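Note on naming: letters A, B, ... go to the chains in the order of the sequence lines (proteins, then strands), and numbering restarts at 1 for each one. Every value quoted in this text rests on a predicted model; they were computed, and no experiment measured them.
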There are 2 protein chains.
Amino acid sequence: MNKKNTASSEAKEQGRLQMADIARLAGVSTSTVSRALNKSPLIGEETRLRIEALAKSLNYSINVGAQNLRLRQNRTVAVVVPFDSSSRQHLSDPFFLGIIGSIADALTDRGYDMLLTRVDAEELDAASQIYDTGRAIGVILIGQWRHHDQLNQMAARKVPIVVWGAQIPQQLYVTVGSDNVAGGRLACSHLLQQGRRRIAFFGDVQLPEVAHRYQGYCQALTAAGVAIDESLVLPAAFTEEGARLAVETLQSRVSSFDAVFACSDLLAMTAINLFRQAGLRVPEDVAVVGYDDIALARYFHPPLSTVQQPIAAAGEALVKAVLRLADYEPTGPELLPTELIVRQST
Amino acid sequence: MNKKNTASSEAKEQGRLQMADIARLAGVSTSTVSRALNKSPLIGEETRLRIEALAKSLNYSINVGAQNLRLRQNRTVAVVVPFDSSSRQHLSDPFFLGIIGSIADALTDRGYDMLLTRVDAEELDAASQIYDTGRAIGVILIGQWRHHDQLNQMAARKVPIVVWGAQIPQQLYVTVGSDNVAGGRLACSHLLQQGRRRIAFFGDVQLPEVAHRYQGYCQALTAAGVAIDESLVLPAAFTEEGARLAVETLQSRVSSFDAVFACSDLLAMTAINLFRQAGLRVPEDVAVVGYDDIALARYFHPPLSTVQQPIAAAGEALVKAVLRLADYEPTGPELLPTELIVRQST
DNA sequence: CTGAAAGCGCTAACAG
DNA sequence: CTGTTAGCGCTTTCAG
């Protein structure tokens, strides 16, 4: 075979044509094809139409990689989901998956691509690599985390990163999150209004978001003049096992309880099932409020009272924030409203 | 400001350095930096270490876009989730989300990036665009679909695409899916063994996968000598509303039934709750088998019997297949095994 | 309105 | 072992 093949005919052999091929076929220069396909006003209507038709018929589209290089641009945003290498938290929480979906929507609406990456929570700067290598113009970080320092370092390096989570003191990076304090207060006040006084809290207070919900829980109790009983605070992880442990501890070690505020719907649902297996009635013996308002909540038995997180708004806000950062525009943290949805588990 | 700035110093001003900057700082040529960072054996240990350290300290990483262009390579795979513009199916099914997670894992393991895109089910060739523009070397399509023809056209054009779903006749594109016929048979046989004879089927038989499950259901009934009653077959969509409608129809129009085989766990769970609201006991009055075995299934009340789909294997198989296609290796459809998980809803 | 030519950030012969 | 040089596929001045 002729080794003097031009790049173009090589490419054609590979079944992948490029602008030069279209140009040759149309009898014009690549400049003209480029301008036509980019709808430059410099090109006459007829020429443009002819070239567009040719490209369409050949399924040719401009190579985005080359275009980006030349234009020094990039329309890709990375979404990073840290996973615990230990607890193998396998991207299963419907709430996080819902957020990912809403980010995908928000990005698509704006003509951006979404790169989804899972990184070991211990190797969080893999997230900044994605930016350093130019694969994405910014990073959205989703998921439970306790890696405040690493995030601050990235922000200090000016990596455009926005984190779904709680705003905490001395934080250099931008967060978008729902108002967890208000959410916790809402849930707990509701329980108090139902006449409950021994309200357990299920959640790992190490996580900033959970800490805020706990804060709201305490505020509500205090406001109602109910003393906080530390033994009612169970550090449940966001897993089925976490719920099981919390329920067992609650039943074995706590003298009395009449309600649970669980920091996720999954936790709440699992807890309810475990209570029921243990012969307790929900909500009669124990009222349960969840958090997130995942799709299944309203079809659960009993339909779950829960604090709704604004999923669609979350995607929008995260995307807006990361695009601003990528544009070097100053951007602050954002707090989204939460709402209590009362159903029949309370 | 000096307009004669070099590209390098410009870039530095933008906070984004490039290989030339590292080269200058290290007092070598870009070739040397390139080779060092790519661990070429041509570079001496000491030089390499020095350059690596420099790069690390400056947070420099090779620009993947430029590298890809030069190397004519690409390590990105697109995952496309079609959505119904009408039913606003907003990526909520835990099973699909689980598959996405497992694809992300499989891709990450192999050093590939994942581009997640949502496209209108009616504009499915947006999926091939992603390939035509060179953004991805292949496409994995996830989700319910009835767009056989469009998929065949893409396959005919040699777009490396693999679809999660059922293998159906005259299909040019590659599918990876679980053995839906076996799954349906498993579920239905189990119900028959429990002494049930009036087994309803919940699922939209228009969808190829569901059609296969229905086929398995029929096989089991026939094998047991039970006549198929068309009125027991309810075309439920994969939504809460679908379940509600099916349950209502079942209760109002069907004389008797003692079991349900639902084509997703979500459907099964919603149905169970509706049955219970209607005063029916599960499994005593009506036994229910679901499909998928999502995380919540075992913590549901009652714990849900269901047909397990091999999620982790699915991600692996899909990724393997699409990478083979992208490599022009011949690849056939793949059928993954399913397994019946018996719990307490039957 | 169109083409020739230079170059985006990187790699790989090819010659030291 | 290292640098020079040419170009990956595209866009865009700058001259026609």
Side-chain angles (χ1 to χ4, degrees), chain A residues 3-12 14-24 26-51 55 58 60-75 132-135 137, chain B residues 3-12 14-24 26-51 55 58 60-75 132-135 137:
Chain A
K3 268 301 179 194
K4 291 231 171 203
N5 264 330
T6 66
S8 307
S9 63
E10 278 278 23
K12 201 177 165 189
Q14 287 185 13
R16 198 136 198 153
L17 36 176
Q18 46 195 233
M19 207 172 260
D21 297 296
I22 306 293
R24 194 166 19 75
V28 294
S29 71
T30 59
S31 316
T32 301
V33 175
S34 171
R35 292 197 260 251
L37 261 24
N38 286 305
K39 308 209 185 308
S40 155
L42 290 179
I43 300 293
E45 179 82 355
E46 343 71 61
T47 329
R48 206 199 62 221
L49 257 32
R50 190 166 53 87
I51 293 178
L58 266 44
Y60 170 77
S61 297
I62 293 178
N63 181 310
V64 174
Q67 190 179 45
N68 281 345
L69 182 58
R70 179 61 237 236
L71 259 29
R72 297 142 143 272
Q73 67 165 22
N74 186 338
R75 296 184 70 82
D132 292 332
T133 59
R135 279 198 300 249
I137 55 168
Chain B
K3 267 304 178 195
K4 289 230 170 203
N5 263 331
T6 65
S8 307
S9 64
E10 279 276 25
K12 201 177 167 192
Q14 287 183 12
R16 198 137 199 151
L17 35 176
Q18 47 195 237
M19 205 173 264
D21 297 297
I22 306 293
R24 193 166 22 75
V28 294
S29 73
T30 60
S31 317
T32 301
V33 176
S34 171
R35 292 196 262 250
L37 262 24
N38 286 306
K39 307 210 185 303
S40 155
L42 289 179
I43 301 293
E45 180 80 354
E46 344 70 59
T47 331
R48 207 199 60 221
L49 256 32
R50 189 166 54 88
I51 293 178
L58 266 43
Y60 171 78
S61 298
I62 293 178
N63 180 312
V64 175
Q67 190 180 45
N68 282 344
L69 181 58
R70 178 62 237 237
L71 259 30
R72 295 142 146 270
Q73 68 166 20
N74 187 339
R75 296 184 71 83
D132 292 331
T133 60
R135 279 197 299 248
I137 56 168

Just how far, in rounded Å, is [atom2] of [N] from [atom1] of [X]?
| X | N | atom1 | atom2 | result |
| --- | --- | --- | --- | --- |
| A:R72 | D:dC10 | CZ | C1' | 14 Å |
| B:R70 | D:dC10 | CZ | P | 16 Å |
| B:Q18 | C:dT11 | CD | P | 12 Å |
| B:Q67 | C:dG9 | CD | P | 15 Å |

Q. Do the side chain of A:N68 and the main chain of A:G65 share a donor and acceptor less than 3.5 angstrom apart?
A.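 Such a contact is absent between A:N68 side chain and A:G65 backbone.
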Below the 4.0 Å mark, does [N] have OP1 or OP2 next to a side-chain nitrogen or oxygen of [X]?
| X | N | result |
| --- | --- | --- |
| A:S31 | C:dG3 | no |
| A:Y60 | D:dG9 | no |
| B:N68 | C:dC10 | no |

(Q) Please determine whether any donor N or O and acceptor N or O are separated by less than 3.5 Å between the side chain of A:R16 and the base of D:dG9. (A) no
Q: For A:L69 and for A:T30, locate the closest nucleotide of DNA chain C by heavy-atom distance; then report the residue assigned to the nucleotide nearer the 5' terminus.
A: A:T30
Q.
Would you say that B:N38 contacts B:S34 through its side chain, given a criterion of any heavy-atom pair below 4.5 Å between the two side chains?
A.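 Of all side-chain heavy-atom pairs linking B:S34 with B:N38, at least one is under 4.5 Å.
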Q. Does the side chain of A:L58 reach to within under 4.5 Å of the side chain of A:L17, using non-hydrogen atoms?
A. yes
